[in-house]
Amino acid sequence: MASTDKYDRQLRLWGAKGQRALGNTEVVLVGVSSAGTETLKNLVLPGIGSFTIIDDDTVVTTQDAASNFFLPDVGRLRADCAAEYLQELNPDVTGSSVVVRKLSDVKDWKALLYKNAAGREVLVILCDPQPKVLYALSELCTSEKLPLILAFSYGMIGIIRLQLPGKVPLLDPKPSNAHPDLRLRTSFPALDSMASSIDLDNLDSHQHGHVPYPIILRKLLQEWQQSHEGKPPQSLEEKQGFQAFVKSKRRDENEINFEEAIQNSYLAYSEQQVVIPEDLDPSSKLAKLYMALHKFMEKHQGRPPLNGSIPDLTASTEWYVQLQGIYKFQAEQDLKEMKELCSDASDDDVATFCANVFIVDQLETRSLIDEFRLSPDEELLDH
């Protein structure tokens, strides 16, 4: 793989594990179309391992050259032309083409799909196919447990359909609205120690305005519980009262850290819950990770492993670094224990699972061929 500088931006999105998975993938594009070559372009640029374009012996026409950036050479075989120009986009990627007389006449699709895989994972992309080709590849990908992406394009309208190889674990779903994992209600010793070391009443104005809001909320939750029989806010009235209590501790309206504490006051009394996906295969990787999680939570009074990250917040450099170190250290300890409990899974998978323990899911799709086959009781009989 190329240097990390080349792929720096995308590494921030899906990390080193995602980049390794991408580099270990052979993408097989069946059928040269504008949708197909554009899709493949967007996989070649970030660094897939290799690609193969399979197409019939059709040559590039003037219409192709006018509508497809990767087919400029009129009269040349489409597969060869597209493969050459796509490979030029990224020298780290190996590209090749396979030309058959007619895609609909191919008998041994399995040999073609694995022709250049060289041990890599195979992803099949099928664009604007004939029904016979669609049926054959859907059936083969189902039996071989290969992911299949089907794309149709009609001018400005497009359809994309995904066929997955069984139940696929989503260890890093990247939701757009994930809540910070701060554990302010259950807490842990290092966080309580830092909170107890800061006396809000005796800080000067500058220090008071730079206390991290997780510390503010943890301290005020403890103070609230002392006057409420040790219980956190539960009813709507109590939750509104706690928010007002936090607001009352702000010395002036310019304290951004207290504004952050007010806006995130719910984090002090609410805890995210682990939701286990339904119908887990007992022998699957995801099931084994959840078994390890169950043992971990039994040992830690129902607390799942910490992910170790803190959000952007207003704080002094000293307190921010201290808080960040506390969460990171606790997460490392939790991860170490989880790895011991789930030795069957890779370290990368355990780390990703722990970092996303509240949002892990699994995805399953019906095969394309099943959608085109009606069972007898679903058929409409015309008498």
Side-chain angles (χ1 to χ4, degrees), residues 22-23 25-118 120-141 144 146-163 368-369 372:
L22 199 62
T25 300
E26 152 81 352
V27 177
V28 179
L29 172 64
V30 179
V32 177
S33 66
S34 296
T37 53
E38 282 297 310
T39 301
L40 191 52
K41 176 203 74 175
N42 292 328
L43 292 169
V44 168
L45 287 172
I48 54 174
S50 60
F51 70 85
T52 299
I53 298 177
I54 304 174
D55 196 31
D56 51 31
D57 57 3
T58 305
V59 298
V60 178
T61 64
T62 53
Q63 184 178 355
D64 291 330
S67 61
N68 193 324
F69 182 78
F70 298 99
L71 299 177
D73 303 336
V74 176
R76 188 178 176 191
L77 287 170
R78 293 190 308 181
D80 294 344
C81 185
E84 177 185 335
Y85 287 103
L86 281 164
Q87 188 172 4
E88 287 181 357
L89 297 175
N90 193 339
D92 298 330
V93 179
T94 302
S96 59
S97 58
V98 175
V99 177
V100 298
R101 194 178 71 81
K102 286 183 67 177
L103 290 174
S104 57
D105 290 341
V106 172
K107 302 299 182 184
D108 192 358
W109 277 109
K110 183 175 180 180
L112 291 181
L113 295 187
Y114 288 104
K115 180 180 177 65
N116 299 309
R120 296 187 177 98
E121 300 292 333
V122 174
L123 166 65
V124 181
I125 299 176
L126 182 58
C127 293
D128 302 307
Q130 296 175 0
K132 186 176 180 181
V133 178
L134 170 60
Y135 301 156
L137 283 173
S138 176
E139 224 167 9
L140 177 63
C141 289
E144 290 293 309
L146 298 177
L148 169 65
I149 297 175
L150 172 66
F152 288 99
S153 61
Y154 308 94
M156 299 297 291
I157 300 173
I159 300 172
I160 295 178
R161 174 69 166 81
L162 178 64
Q163 177 180 301
L368 293 165
I369 193 66
F372 289 99

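None of these values were measured; they are calculated from a predicted model. Numbers here are sequence positions counted from 1.
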Practice prompt. Carefully, step by step, assess Q130 and L103 under the rule side chain to side chain contact (heavy atoms under 4.5 Å, CB included).
Written response: CA-CA 9 Å; Q130 296 175 0; L103 290 174; 5.9 Å; no
Item to complete: Find the distance between CD1 (I48) and CD (E121) and round it off to the nearest 0.5 Å.
Response: 13.5 Å
Worksheet entry | Intermediate values then yes/no, side chain to side chain contact (heavy atoms under 4.5 Å, CB included), L45 and K41 | CA-CA 6 Å; L45 287 172; K41 176 203 74 175; 4.1 Å; yes
Worksheet entry | Main-chain N/O of Y135 paired to S138 side chain as donor or acceptor, under 3.5 Å | no
Discussion item. Between R78 and D55, does any NZ, NE, NH1 or NH2 come within less than 4.0 Å of an OD or OE carboxylate oxygen?
Written reply: yes
Item to complete: Quick one: list whatever passes side-chain contact (heavy atoms from CB on, under 4.5 Å) with T94, sequence neighbours left out.
Response: S50
Worksheet entry | N116 versus S96, closest heavy-atom pair with distance | ND2-OG, 2.9 Å
Worksheet item: Rounded to the nearest 0.5 Å, how far does CG of L112 lie from CG of L140?
Response: 10.0 Å
Item to complete: Could you grab the distance from atom CD of E38 to atom OG of S33, nearest 0.5 Å is fine?
Response: 10.0 Å
Worksheet item: Do the charged groups of R101 and D105 touch, with an N to O distance under 4.0 Å?
Response: yes
Worksheet item: Does a side-chain heavy-atom distance below 4.5 Å link D80 with V99?
Response: yes
Worksheet entry | Shortest non-hydrogen separation from L123 to P147 and the atoms involved | CD1-O, 3.7 Å
Practice prompt. Could you go through the side chain to side chain contact (heavy atoms under 4.5 Å, CB included) check for I54 and V28 one step at a time?
Written response: CA-CA 7 Å; I54 304 174; V28 179; 3.6 Å; yes
Response to the item:
In this structure, NZ of K102 is separated from OG1 of T58 (nearest 0.5 Å) by 10.0 Å
Practice prompt. Report the distance from atom OG of S97 to atom CG of L29, rounding to the nearest 0.5 Å.
Written response: 11.0 Å
Item to complete: Find out whether D73 and V60 are in side-chain contact, i.e. whether some heavy atom of one side chain is under 4.5 Å from a heavy atom of the other.
Response: no
Worksheet item: So Y114 and E26, side-chain hydrogen bond (donor to acceptor under 3.5 Å, both in side chains) or not? Walk me through it.
Response: CA-CA 9 Å; Y114 288 104; E26 152 81 352; over 6 Å; no
Response to the item:
Which of Y85, F69, F70 passes side chain to side chain contact (heavy atoms under 4.5 Å, CB included) with T37? Answer is F70
Discussion item. Tell me whether D108 contacts the main-chain N or O of A111 through its side chain, where contact means a donor paired with an acceptor under 3.5 Å.
Written reply: yes
Worksheet entry | Min side-chain heavy-atom separation L137-L113 under 4.5 Å | yes
Discussion item. Quick one, F51 with I125, criterion side chain to side chain contact (heavy atoms under 4.5 Å, CB included). Give me CA distance, side-chain angles, the key distance, then yes/no.
Written reply: CA-CA 11 Å; F51 70 85; I125 299 176; over 6 Å; no
Discussion item. Quick check for you: to the nearest 0.5 Å, what is the distance between L134 atom CG and L148 atom CG?
Written reply: 7.5 Å
Worksheet item: Just by distance, do the side chain of T25 and the backbone of R120 share a donor-acceptor pair under 3.5 Å?
Response: no
